[in-house]
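A, B, ... follow the sequence lines: proteins, then strands. Residue 1 opens every chain. Being a predicted model, the structure only gives us computed values, none of them experimental.
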There are 2 protein chains.
Amino acid sequence: MTAPVSGVRTRTRQAILAAAVSTLASDPSASLGDVADAAGVGRTTLHRYFAERSDLVVGVTEECARAVVAAHARARVLDGTGREALLRLCREYFDLGDVLALAFNGVVDLDGGLPGDESGLSVRVCERGHDDGSLDRGQPALWLVNVLWCSLYSGWAWMQEHGASRHDALELLLRTLDGAVRPRD
Amino acid sequence: MTAPVSGVRTRTRQAILAAAVSTLASDPSASLGDVADAAGVGRTTLHRYFAERSDLVVGVTEECARAVVAAHARARVLDGTGREALLRLCREYFDLGDVLALAFNGVVDLDGGLPGDESGLSVRVCERGHDDGSLDRGQPALWLVNVLWCSLYSGWAWMQEHGASRHDALELLLRTLDGAVRPRD
DNA sequence: CCATAATGAAACAACGGTGTTCCATAGCGG
DNA sequence: CCGCTATGGAACACCGTTGTTTCATTATGG
């Protein structure tokens, strides 16, 4: 029942969304002209697809939500201990790249844009880790989620500022996170 | 040799700087009108003290630098092991409050605004921790500094988003950081 | 090949922030 | 009390972004 949309239109729409993701990731206050340029498209055309800036943000948010849901699936959060699941989730999140940056700089509200049962997923992983004793019970589940995101940001910043390889940054980040959330002796 | 400045002027200047710190901390792109309002001062007066926005940012940066230098002194970074010094430094940084937020959101460039021998202080603390074996040698000193700042942000966000007390946030943050940087067994 | 869809360029008004000027007023100090 | 300093308010031009309209051009598909 979806409106019949020409292949050209969906391709243009995708190009604009992709450009918006990467442009807004590096500069949240980039102008619509910048986004249009990055998409190789006139500003007029951009407005034809997304009437207002807020409409574009909505589109970007949906795009990000899709990526996050896919990452959740790949992380197989029910396998192994809670800590193992958390570290796998961390790997998958790290691979989200620009989507991660958009969440950090507040362009998109990931929790708000996610389908209900997905938004609390990381909290549930941490609670499972508390139950099976693989995560430090001295740190509340919500706090551990906080730590996960701050670690992700840390790894991301490390890549940007020191030109580290994606792989090296991820390994450092996982080492640090593992130590941070492990039960104390 | 400094120009003779009336008490009124220095007081007004301080009021504007204080308002700028708190206003820009919560919204980096706040207008000068917002800052003036927060200072209880006309926009005209603000411009009389800081001709351009960039001048105000310079003033704010100097203000922050002073606060950071004072924090460094209180942290007694040469006492105890490197890890102990790092955790003390973390405590003092956490107390910087809005200054911390200004550094996070990029309004001020702390490293750039600090006197030369102060800017690399946290790196040297981490290197000392590597030497005395109190910090994980698997994480480079620069990375550990990165982790310190991301942890600070984490604690800050925890307070903002969950209404946690300053004390509780700091304790959680120190527990997490300690686990993150401790040598692995 | 021709009708329609899709696009780009230009021009426009509106808006908000910035930096400046001018003038009136309040307040402190001699 | 007088004068100088500090201030606030209003008005102004300037600039970049936004959202809209118009018109000409391209390309897609039946």
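- There is no side-chain donor-acceptor pair under 3.5 Å between A:S134 and A:E84.
- Scanning atom types as modelled, one donor and one acceptor separated by under 3.5 angstrom connect the side chain of B:R43 and the base of C:dG19.
- If B:G42 and A:G33 are placed on DNA chain D by their nearest nucleotide, the residue sitting closer to the 5' end is B:G42.
- For an aromatic pair to be called close, the ring centres must be under 6.0 Å apart, and A:H167 with A:F94 fails this.
- Side-chain contact annotation: B:D178 with B:T176, donor-acceptor N/O pair under 3.5 Å absent.
- If you take CZ of B:R9 and C1' of D:dA6, they are 8 Å apart, rounded to a whole angstrom.
- Not one side-chain nitrogen or oxygen of B:R53 sits closer than 4.0 Å to the OP1 or OP2 atom of C:dG17.
- Atom CD of B:E52 is separated from atom P of D:dC14 by 17 Å (rounded to the nearest Å).
- Listed nucleotides: C:dG8, D:dG19, C:dT18. Nearest to the side chain of A:T45: C:dG8.
- Between B:S29 and A:L46, the residue anchored closer to the 5' end of DNA chain C is A:L46, taking for each the nucleotide with the nearest heavy atom.
- Of the residues near DNA chain D, A:H47 and A:D34, the one whose nearest nucleotide (by heavy atom distance) lies more toward the 5' end is A:D34.
- For the pair B:R13 and B:F50, the cation does not sit on the ring face, since its NZ or CZ is not both under 6.0 Å from the ring centre and inside 45° of the axis.
- Note on A:T44: every side-chain N or O is 4.0 Å or more away from OP1 and OP2 of C:dT7.
- Of the candidate nucleotides C:dA6, D:dA6, D:dG19, C:dA6 has the atom nearest to the side chain of A:V8.
- Residues B:W143 and A:S154 have side chains that never bring a donor and an acceptor to within less than 3.5 angstrom of each other.
- Phosphate contact (OP1/OP2 of C:dT7, side-chain N/O of A:Y49, threshold under 4.0 Å): present.
- Rounded to an integer number of Å, the gap from CG of B:D37 to P of D:dG8 is 11 Å.
- Comparing D:dT22, C:dG19, D:dT20 by their closest approach to the side chain of A:R48 singles out D:dT22.
- Side-chain N/O atoms of A:T12 include one lying less than 4.0 angstrom from OP1 or OP2 on C:dT7.
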